[in-house]
Amino acid sequence: MPKTIGKVFFVNSKGERKWCSATSIQSRYRNLVSTAGHCVYDTAGNADTMSKWVFVPGYYQGKAPFGIYVGKQAFTHYDFDVYEDFDRDYAFVTVYNGIKIDASKASQVTKSEFEKHAGPKWVDEKTITRDEYVAGVEKYGINGPFQSKAVDPKVETVAKPADVSSKNIEDYVLGKGPTAGVQLTGVEVLKSVYTAAGDGWDNNDKFTRLSEKKPISAEEYAELNKAKADGKFLGELTVDLDKNKQPTAWYKQQFFIKKWIKTSEQFRYWVETYYVQDVKAADAGRLGDAVGGQGFAYNQPTGKYVRVFGYPAAAHPDGHKNFTGITPKWCYGKTTAKTVGSAAKKIEEHIALKCSMTEGADGGPWLLKYSNAKRLGYVNGVTSTFNDQDGNDRVDYISSPYFDGETNTVYKAAANVWSGKIVG
């Protein structure tokens, strides 16, 4: 594959992350990218995408071997960005010098330094004993790297403690009684279960059962009545009626059985080590110096062989997903003058090529007179649309705007603009 081809990443008007395909192309300052017009101008949102637009030449499985090139200025045909005419669906983008990212080094830092760091970072955890945790907290304080957490507390029903009295029963209700971990609590049950328990249930404890009738509003009565029908309310509902049998008051009554429970919490103890990624950016030079650039051709007859490159990813109309988008693909064949004929996109003059690449390959170059030895040719089109010619719900041919003298005018305007660098 030629080093010049790569992926364009951008954010559209809806904030969605998208990509297209593209290639480096020759220009005066070796800083130009060729792609589709809809990869720089979002026709659905009537807005350009250049505020967050980068080109990654030689992209392969997530790698950027030659750097990342930030788009500076996009050149498109007037008919495309004003009338959204896809017969002019091409663009030439000047890019700044590339950026190479070095993220190979990581540093261990303190917790406060870790929290302030805005870049990539991570925490390593090592399990320790309770004694090690206590010693760590004593040394570094509660805001240090030593951590603890209650894990899977065990709750079991137990007999009433022997030291229960009228003086400490309320403490037991709050879980603060003399016998550590033991609490007097209540479980809501149906009236039938409550009645069957009897006053002497659970070691003749007079605090075994609890039930209280409380007045409620008509609205709450209606809500609880619905909840009772759904099995979500276990209590009873009653209504007072006047002599005309009209409701005057509404009540709810819930039934609880007291239970003695003991909770024993288990703790996990660990110490954290904090790391931050040292990310450094360096100037990667001009795009053309790094990967070269394809030539440019226009006003060429159809019926010529071209090699088309791109990063297809979308599924075919029938749902088959043959491509991943993480590696480049190509098609080869003769162009035809077949008109795609899309009224919505105002297409009348596209050229076509038999090819099964799907969306994601948009903007990929159509290279005329391509040399496998040199991996160079002449950009004579860019992938614009994906079509199903035989109606079997599979993409079988793609199309490109025809590159004519007006395309050359746009290309020349872009090819003579300097961009510079953004990293010292």
Atom pair [atom1] ([X]) and [atom2] ([Y]), whose distance is rounded to the nearest 0.5 Å:
X	Y	atom1	atom2	answer
E132	I128	CD	CD1	5.5 Å
S34	F296	OG	CZ	8.0 Å
L287	S27	CG	OG	8.0 Å

Closest non-hydrogen atom pair, D102 against S104
OD1-OG, 2.7 Å
Any donor-acceptor N/O pair, [X] side chain to [Y] backbone, under 3.5 Å:
X	Y	result
D42	S13	yes
N387	Q389	no
H350	F86	yes
K329	F323	no
Q277	K105	yes
W53	A74	no
S211	Q253	no
N244	Q246	no
H316	V395	yes
T35	A22	no

Does D318 form a side-chain hydrogen bond (donor to acceptor under 3.5 Å, both in side chains) with H320? I'd like the steps, not just the answer.
CA-CA 6 Å; D318 64 2; H320 281 80; 3.1 Å; yes
Are [X] and [Y] close enough that some pair of their side-chain heavy atoms sits under 4.5 Å apart?
X	Y	result
V151	F267	no
N168	V164	yes
V93	V40	yes
Y402	T407	no
V54	Y69	no
L367	V308	no
K262	V155	no
E84	K345	no

Does the plane of the ring in F255 sit parallel, tilted or perpendicular to the ring in Y194? Use 30° and 60° as the thresholds.
tilted
Check the pair Y78 / Y83 against side-chain contact (heavy atoms from CB on, under 4.5 Å), numbers first and verdict last.
CA-CA 8 Å; Y78 179 85; Y83 300 112; 3.7 Å; yes
Hey, does the Lys NZ or Arg CZ of [X] hover above the aromatic six-ring of [Y], less than 6.0 Å from the centre and inside 45° of the axis?
X	Y	answer
R17	W19	no
R88	F80	no
K111	Y274	no
K213	Y251	yes
K7	Y59	yes

Show your working on side-chain contact (heavy atoms from CB on, under 4.5 Å) between Q147 and E272 and close with a plain yes or no.
CA-CA 8 Å; Q147 308 291 327; E272 297 178 338; 3.7 Å; yes
Criterion salt bridge (charged side-chain N to carboxylate O under 4.0 Å, His left out) on K354 and D396, from CA distance to verdict:
CA-CA 6 Å; K354 186 176 181 181; D396 52 26; over 6 Å; no
In this structure, is the centre-to-centre distance between the rings of Y370 and F309 below 6.0 Å?
yes
Hey, do the aromatic rings of F92 and Y411 have their centres closer than 6.0 Å?
yes
Give the C-alpha distance, both sets of side-chain angles, the deciding distance and a yes or no for side-chain hydrogen bond (donor to acceptor under 3.5 Å, both in side chains) between T179 and D163.
CA-CA 8 Å; T179 302; D163 55 11; 3.1 Å; yes
Show your working on side-chain hydrogen bond (donor to acceptor under 3.5 Å, both in side chains) between D124 and T273 and close with a plain yes or no.
CA-CA 5 Å; D124 280 347; T273 306; over 6 Å; no
Please test K121 against E115 for salt bridge (charged side-chain N to carboxylate O under 4.0 Å, His left out), starting from the C-alpha separation and ending with a verdict.
CA-CA 9 Å; K121 55 187 178 181; E115 291 172 345; over 6 Å; no
Does D171 form a salt bridge (charged side-chain N to carboxylate O under 4.0 Å, His left out) with K176? I'd like the steps, not just the answer.
CA-CA 5 Å; D171 290 336; K176 299 179 180 180; over 6 Å; no
Can you spot which of D283, V95, I99 makes a side-chain contact (heavy atoms from CB on, under 4.5 Å) with I422?
I99
Is K346 salt-bridged to D87, going by a charged N under 4.0 Å from an acidic O?
no
Under-4.0 Å salt bridge between K259 and E156:
no
May I have the step-by-step check of side-chain contact (heavy atoms from CB on, under 4.5 Å) for T195 and V193, ending in yes or no?
CA-CA 5 Å; T195 303; V193 177; over 6 Å; no
Chi angles and distances behind the side-chain contact (heavy atoms from CB on, under 4.5 Å) call for E125, V271
CA-CA 6 Å; E125 296 181 1; V271 61; over 6 Å; no
Given Y133, Y140, Y269, the one that forms ring-ring contact (aromatic ring centres under 6.0 Å, His included) with F146:
Y140
Working note: D242 + T248, criterion side-chain hydrogen bond (donor to acceptor under 3.5 Å, both in side chains); need CA distance, chi angles, decisive distance, verdict.
CA-CA 6 Å; D242 61 16; T248 59; over 6 Å; no
Is the number of heavy atoms from other residues, nucleotides or ligands under 6.0 Å of K321 NZ greater than 12?
yes
